Amino acid sequence: AQGTMGQKRELSLEVKFTEADKECLGRLVKDLVKLGATTSKGEFKDWLKSSLTGAKRTWHDPVRHDWETLSQFVLEAIAGDKTDTIEQQARFQLGYSQWQTRKGEWVKWQKDQPRDEVPKRGPWTLVARTERHPSFAEQYASLPSHLPGWRRSEKQRPPRWCIGKNLDPVMVGLDCEMCETDVDQRALVGVSVVGVDGTVFLKTLVKPPGKIVDLKPDITGLKMKDFKGVKTTLKDVQDKLAALCTPNTVLVGHGLVHDLKALKFDHAPVIDTAFLFSYKNLPRSTPGLADLCKRLLSSEMRKGDGTHDSVEDAKMALELAKWECLNDKPTTPMDPPTDKVDPRDLTKLFIHRLPRGVLLSDLRGLFDKQRGAIGVDHLGDIVALHGKFLGPETALDLKRTTSVYVEFTSVDKANAAFTSLRGGKGTDALGRPQKAVRMLEGEVQVVGSKPKNAATPNFSKMTVTEMRLALEQRQLPTNGLKPELVERLTAAMAGDVDSDSEGGGDSDSGSDSDDDDDDGDKEPGTEEKFAALTVPKLKEALETRGLDTAGAKGDLVKRLETAAAKKSAKGGNEKAGETEKNVQSSKTRVVMVRKMAAHGGRAIGASDKHNEPAGKGEELKGALKRKLEGGDEKEKKDEKKPRRVPRPSRNARLAAKGIGK
């Protein structure tokens, strides 16, 4: 492999494309569309209509077109650009494409290194382990150094080349401080570069672009007064870093890719200490730098006020790399850290992936039964909501996100609210339970509380899944084709209106009609209805009601029958057709709701009803104990294995959780 891998040649490249530049042209045209580039025939969409025929005139995705078409558009855009901005961007893209090709040749040459030449320990082994990590190609190999403002080190070479030139690896620690501005959510605000012997090569604050929105002082420890007189820019830091980096310079950091993105700097080789260590049974979790230093180096970090010190982080990342270099084998996966959560935080649920400016009323609505996101109302259990960048003080911004802590009156109330939420279940990187929940935004119309003279909705516009869910809420049959479902729903709605008019209107009036005397009786056919359900369906129905899901099928059926009888006994203010109200909202958004701790799927300190058999008394507990200890061999032999119940279909699971297609 030959040739330089820097960016100097790009400034004098001739803008000329071939078939091999198809991928490069696709990226370039997408960038030009974002810049609003035009030709004599208009923008890209207008140019397609004027220059092409047939279906290709409507292909607005540049990747679908051949290289000749894309090349023609780029050349015409360059001809009409008087500022040379488009031509410069084309040179950057061409240079980046050629650089990637040469880099691929170096990588292939490195992989062909003879086995007897491969180092057994030392920094080059850590470089190889970093490059073998599953996330390396996505995070490091595709850094967008073709974009304006990015910089690449001038001469990047693989370890095999350095070994052949007798160049020993030189490890350099790197860590950055980031803040949020109105133009960049992770803008560079400080950088530290440290040598392997602890020498500080560079430590400086950086003037970020745009207006500072959030300095994140609880992390960085910085204040606005610290930036008085700071004139160092991002380009100044890039120049100093480029001068420091040679072919055998190995940049070391913990989560180094985030620092390189903030610096807009591309360099190889690198060692990412976050890729070298892992936790058992948590493949998506990245061990924290402080936890690794405490376990492996017996060193405490951030002993002062707990704020982030970039020099300390750069030094400790280097120390971890030096420690790992001394081992003959990679460190085995470690036990996850003890999840020590403040008992006061166990009463909270964490909601993230929220747009900035989200209204508090929409957040509270997640726990309001009338809005459909939860099976049991927990709105009255909320004590407070803690967060920043919330509306209406903050304007709605869909491109930036925020998070909120919802505090409840007790740990059990918080757990019950999480259990009752309707949404897909999962876990985060640390194994903490979380759900994807649909949050309704803005004003919500409750269909069950509309005026008596309101028109019957057009059920034919609903999907089959939505109609079956509505029928299930009314305890009506859900089988049949769509026309049958529409007819059944229409008749049920007409019956609701008639019953409202006969009952005297307002459901809260507490009328003393003769029909109320029978409300406490069990609905005919309820036992047969619940008995016909499968165990997964029974458990889903219990979960939406916030009830225990443990026990055999008979226990589940009995539990549901008891709940149905209590529900009917409430009478006037919870009549059939009003207890499960349909809601309509113009906007919905999927947000993530997470528990604060992961211990068997429950928060610390919550009562665990699943560890005890429900409703069997001390005799059953004793029998169960004897079986576990090896007694009652005859009973164990005669015991029937539980029948395996097939998993319900995806549509059935979504419908049971209140989520339509």
Side-chain angles (χ1 to χ4, degrees), residues 34 176-190 205-228 258 261-262 306-308 342 344-345 347-368 370-374 378-408 414 417-418 421 423 428 432 434-445 583-596:
K34 293 179 181 178
C176 295
E177 307 276 9
M178 278 83 84
C179 73
E180 182 181 348
T181 68
D182 56 354
V183 296
D184 192 349
Q185 294 191 55
R186 296 180 67 88
L188 182 70
V189 76
L205 293 178
V206 181
K207 184 179 179 181
K211 181 181 178 182
I212 296 177
V213 176
D214 186 6
L215 265 178
K216 302 179 181 178
D218 53 331
I219 300 175
T220 64
L222 296 174
K223 299 179 181 179
M224 291 300 297
K225 64 180 182 180
D226 298 329
F227 290 90
K228 289 184 179 180
H258 303 296
K261 286 181 178 179
T307 56
H308 180 247
D342 191 320
R344 294 171 296 181
D345 289 337
T347 62
K348 301 174 185 176
L349 295 179
F350 179 64
I351 308 178
H352 56 112
R353 295 188 188 176
L354 294 166
R356 293 199 175 178
V358 63
L359 297 176
L360 293 175
S361 57
D362 294 340
L363 293 171
R364 291 180 178 274
L366 281 171
F367 305 95
D368 185 357
Q370 289 189 351
R371 296 173 75 97
I374 195 166
H378 286 279
L379 185 61
D381 300 327
I382 297 178
V383 176
L385 282 81
H386 309 280
K388 56 183 179 180
F389 302 117
L390 304 177
E393 291 80 9
T394 302
L396 184 64
D397 186 354
L398 301 180
K399 295 183 180 180
R400 305 192 180 208
T401 59
T402 186
S403 57
V404 169
Y405 291 92
V406 183
E407 184 179 356
F408 292 84
F418 180 83
L421 283 170
D428 69 349
R432 291 172 292 196
Q434 66 178 358
K435 290 184 178 181
V437 184
R438 289 187 178 272
M439 180 182 72
L440 302 181
E441 297 181 324
E443 294 295 330
V444 176
Q445 176 189 357
V583 296
Q584 296 177 350
S585 176
S586 58
K587 297 180 182 179
T588 61
R589 183 178 306 279
V590 177
V591 299
M592 305 303 294
V593 183
R594 192 198 75 198
K595 282 189 175 184
M596 296 299 295

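All values reported here derive from a predicted model rather than from experimental measurement. What's counted below: heavy atoms across the whole structure, side chains too, no hydrogens, waters or symmetry copies.
Shown here for Arg371 and Gly365, the closest heavy-atom pair between the two residues is CD-CA, 3.2 Å. Closest heavy-atom contact between Ala262 and Leu188: O-CB, 3.7 Å.
Residues Val437 and Val590 have side chains not in contact (no heavy-atom distance under 4.5 Å, counting atoms from C-beta outward). Two residues are said to be in side-chain contact when any heavy atoms from C-beta on lie closer than 4.5 Å; Phe408 and Ile382 meet this criterion. In this structure, Arg589 and Val358 have side chains that are not in contact, with every pair of non-hydrogen atoms separated by 4.5 Å or more. Residues Val189 and Val206 are not in side-chain contact: their nearest non-hydrogen atoms beyond the backbone lie 4.5 Å or more apart. Val406 is not listed as a side-chain neighbour of Leu366, based on a closest heavy-atom distance of 4.5 Å or more. Side-chain contact check for Tyr405 versus Asp345: every heavy-atom pair is 4.5 Å or farther apart.
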Problem - Test log, rule side-chain contact (heavy atoms from CB on, under 4.5 Å), inputs Thr181 and Lys211 - result: CA-CA 5 Å; Thr181 68; Lys211 181 181 178 182; 6.0 Å; no
Exercise for the section: Apply side-chain contact (heavy atoms from CB on, under 4.5 Å) to the pair Leu354 and Leu363, showing each step before the final yes or no. Expected result: CA-CA 9 Å; Leu354 294 166; Leu363 293 171; 3.7 Å; yes
Problem - Worked verdict on Phe389 versus Asp397 for side-chain contact (heavy atoms from CB on, under 4.5 Å) - result: CA-CA 10 Å; Phe389 302 117; Asp397 186 354; over 6 Å; no
Practice task
For His258 and Arg186, run side-chain contact (heavy atoms from CB on, under 4.5 Å): C-alpha distance rounded to whole Å, both residues' side-chain angles, the deciding distance at 0.1 Å, then the answer.
Solution key: CA-CA 9 Å; His258 303 296; Arg186 296 180 67 88; 3.7 Å; yes
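In this structure, the side chain of Arg400 engages the main chain of Asp182 through a donor-acceptor pair within 3.5 Å. The main-chain N or O of Asp428 is never found under 3.5 Å from a side-chain atom of Arg594 such that the two would form a donor-acceptor pair.
Annotation: the span from Phe367 atom CZ to Leu349 atom CG amounts to 5.0 Å, rounded to 0.5 Å. A distance of 11.0 Å separates NZ in Lys216 from CD in Glu177, rounded to the nearest 0.5 Å. Interatomic distance, His352 NE2 to Gln434 CD, rounded to the nearest 0.5 Å: 4.5 Å. Atom-to-atom distance recorded for Ser361:OG and Glu441:CD is 10.0 Å, nearest 0.5 angstrom. In this structure, the separation between CG on Leu396 and CZ on Arg356 is 12.0 Å, given to the nearest 0.5 Å. Taking CG of Asp218 as the start and OG1 of Thr220 as the end, the distance is 7.5 Å to the nearest 0.5 Å.
Ionic pairing of Glu180 and Lys388 is not present here: no N-O contact between side-chain nitrogen and carboxylate oxygen is shorter than 4.0 angstrom.
Geometrically, Lys435 engages Phe418 in a cation-pi contact defined by less than 6.0 Å to the ring centre and at most 45° from the axis.
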